[in-house]
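Each remark here refers to the structure printed beneath this line.
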Amino acid sequence: MSASDPVELTGQLAIVTGSSRGIGRAIALELGRAGAKVVVNYLRNQEAAELLLAELPPGSLAVQADVSTQEGVDRLMAAAEAAGGASLLVNNAGVTRDGLMLRMSDEDWNEVIDTNLTSVFRMCRAAAQPMMQRRKGAIVNLTSISGIAGNPGQCNYSAAKAGIIAFSRSMAKELGRRNIRVNCVAPGFIDTDMTRALPGELVEGVQKMIPLRRLGKSEEVAPIVRFLLGPGAAYITAQTFVVDGGLS
Ligand code: NAP
């Protein structure tokens, strides 16, 4: 059960990148329960995105767009502007292409940086303009504990996620005087398709190191994102919040 106040975000439009599955889907549902209309973004999973729309407030929409490209970002932003303009943005879309650094291809490096980091820069650059005009906006960027502590086999992903933290802090300092807040949420191991792709013995080993002795659920990441976008976080910006069952 979510403790979200059903009027907290009423009348606001929120873009959630990569919200057809996993953590992004849970965030879209949480924001919808708090009254926000949601722009559901996906790469391939049209059916899942459209099913999700049925559970969101009227005025929500689903937009196919590859946020790793400028063209995809332009399409997503144009759809949000046509729907009235977004005052809330969650950059959640992400991929992993794990492998040891010595053997990592340029392709795996670039895909992870483009999808996880460059997309955040481009989305924020595009979304901040209309937010500045309205003198109101809140952004949450999904990073990872890998971006704080590093993780073997994830040099590309860790670099992208660390980049998101530094980028967000810097942007928060640029845009604070325009009443735009920017924060990060750093999950640990959350049970989604991303972690289901990992070898079982690796996940079992990690689980033993987590003080709460289990992986997190997407629904356990979403509430802090909703809080950071809402009025209760009016004086919180340039911060990173870890949701990892105590792992780090
Ligand atoms: P997931 O289950 O793999 O879902 C990824 C989502 O991103 C899907 O909705 C996918 O759309 C979308 N997506 C991927 N590439 C995209 C692109 N180029 N353009 C637009 N959408 C794209 O991932 P998750 O586990 O929920 O992770 C969500 C975020 O949390 C990511 O940033 C991830 O790095 C971060 N995170 C996750 C964990 C974890 O343990 N799961 C831990 C720390 C941080 P389609 O469905 O259309 O493919």
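Atoms within each ligand, like the ligands themselves, are counted from 1 in listed order. The first residue of the sequence shown is numbered 1, and numbering continues consecutively from there.
Contact of the Ile210 side chain with the Asp244 side chain is not registered, since no non-hydrogen atoms from C-beta on lie closer than 4.5 Å. Residues Arg125 and Gln70 have side chains in contact (heavy-atom distance under 4.5 Å, counting atoms from C-beta outward). Two residues are said to be in side-chain contact when any heavy atoms from C-beta on lie closer than 4.5 Å; Ile165 and Lys161 fail this criterion. In this structure, Met123 and Leu76 have side chains that are in contact, with non-hydrogen atoms separated by less than 4.5 Å. Side chains of Leu175 and Cys124 form no contact here, defined as non-hydrogen atoms less than 4.5 Å apart.
Not one N or O on the side chain of Arg214 forms a donor-acceptor pair closer than 3.5 Å with the backbone of Gly245.
The shortest non-hydrogen separation linking Val40 to Ala49 is CG1-CB, 4.0 Å. Residues Asn116 and Ala160 approach most closely at CB-CB, 3.7 Å, considering heavy atoms.
At the shortest separation from atom 23 (O) of ligand 1 among protein heavy atoms lies Met194 CE, 3.9 Å. Closest to atom 38 (C) of ligand 1, if we only count protein heavy atoms, is Gly188 O, 3.9 Å. With hydrogens left out, the protein atom closest to atom 5 (C) of ligand 1 is Gly94 O, 4.0 Å, a heavy atom. Taking atom 19 (N) of ligand 1 as the reference point, the nearest protein heavy-atom neighbour is Val67 N, 3.0 Å. Taking atom 45 (P) of ligand 1 as the reference point, the nearest protein heavy-atom neighbour is Ser20 OG, 3.4 Å. The protein non-hydrogen atom at the shortest distance from atom 40 (O) of ligand 1 is Ile190 N, 2.8 Å. Atom 6 (C) of ligand 1 has as its closest protein heavy atom Gly18 O, 3.6 Å. For atom 35 (C) of ligand 1, the nearest non-hydrogen atom of the protein is Tyr157 OH, 3.8 Å.
When each atom of ligand 1 is checked for a heavy atom of Ala93 under 4.0 Å away, the hits are 7 (O), 21 (N), 22 (C), 32 (O). Those atoms of ligand 1 with a heavy atom of Phe189 less than 4.0 angstrom away are 40 (O). Close contacts between ligand 1 and Asp193 involve ligand atoms 2 (O) [criterion: under 4.0 Å to a heavy atom]. Atoms of ligand 1 found under 4.0 Å from any heavy atom of Ser144 (numbered from 1 in listed order, with element): 43 (C), 44 (C). Numbered from 1 in the order shown, with element, the atoms of ligand 1 that lie under 4.0 Å from a heavy atom of Pro187 read 42 (C), 43 (C), 44 (C). Close approach of ligand 1 to Asn41 is summarised as follows: ligand atoms under 4.0 Å from at least one heavy atom of the residue are 20 (C), 21 (N). Atom numbering of ligand 1 starts at 1 in the shown order; those under 4.0 Å from a heavy atom of Asn92 are 28 (C), 29 (C), 30 (O), 31 (C), 32 (O).
Heavy atoms of Gln46 come nearer than 4.0 angstrom to ligand 1 in no pair at all. The closest approach between a heavy atom of Thr143 and any atom of ligand 1 is below 4.0 Å. Ligand 1 is never approached by Ser146 to a heavy-atom distance shorter than 4.0 Å.
For atom 15 (N) of ligand 1, the nearest non-hydrogen atom from the set Val95, Ile23, Val16 comes from Val95. Closest heavy-atom approach to atom 1 (P) of ligand 1 within the set Gln64, Arg21, Glu111: this belongs to Arg21.
By the 3.5 Å distance cut-off applied to N or O atoms, Asp66 is counted among the residues near ligand 1. Here's the thing with Leu142: none of its N/O atoms is less than 3.5 angstrom from an N/O atom of ligand 1. Backbone and side-chain nitrogen or oxygen atoms of Leu43 are examined, and one is located within less than 3.5 angstrom of a nitrogen or oxygen of ligand 1.
Of all the heavy atoms of Thr195, the ones lying under 4.0 Å from any atom of ligand 1 belong exclusively to the side chain. With a heavy-atom cut-off of 4.0 Å, Arg25 does not touch ligand 1 at all. For Thr192, every heavy-atom contact with ligand 1 shorter than 4.0 Å involves the side chain, none the backbone. Within the 4.0 Å heavy-atom criterion, the part of Ala65 lying near ligand 1 is the backbone and not the side chain.
The residues Glu219 and Arg226 are annotated as not salt-bridged, no charged nitrogen and carboxylate oxygen being separated by less than 4.0 angstrom.
A continuous path of ILVMFWY side-chain contacts below 4.5 Å connects Leu53 to Val90, so both sit in one hydrophobic cluster.
The environment of CZ in Arg213 is crowded: more than 12 heavy-atom neighbours from other residues, nucleotides or ligands sit within 6.0 Å. Within 6.0 Å of the CZ atom in Arg103, the count of heavy atoms belonging to other residues, nucleotides or ligands does not exceed 12.
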Walk me through whether Asn183 and Phe241 qualify under side-chain contact (heavy atoms from CB on, under 4.5 Å). CA-CA 8 Å; Asn183 291 291; Phe241 296 86; 4.2 Å; yes
One pair to check against side-chain contact (heavy atoms from CB on, under 4.5 Å): Asn91 and Ile139. What are the steps and the verdict? CA-CA 8 Å; Asn91 284 303; Ile139 299 173; 4.2 Å; yes
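Distance check, rounded to the nearest 0.5 Å: NZ of Lys37 to CG of Leu9 gives 12.5 Å. To the nearest 0.5 Å, the span separating CE on Met194 from OG on Ser218 amounts to 10.5 Å.
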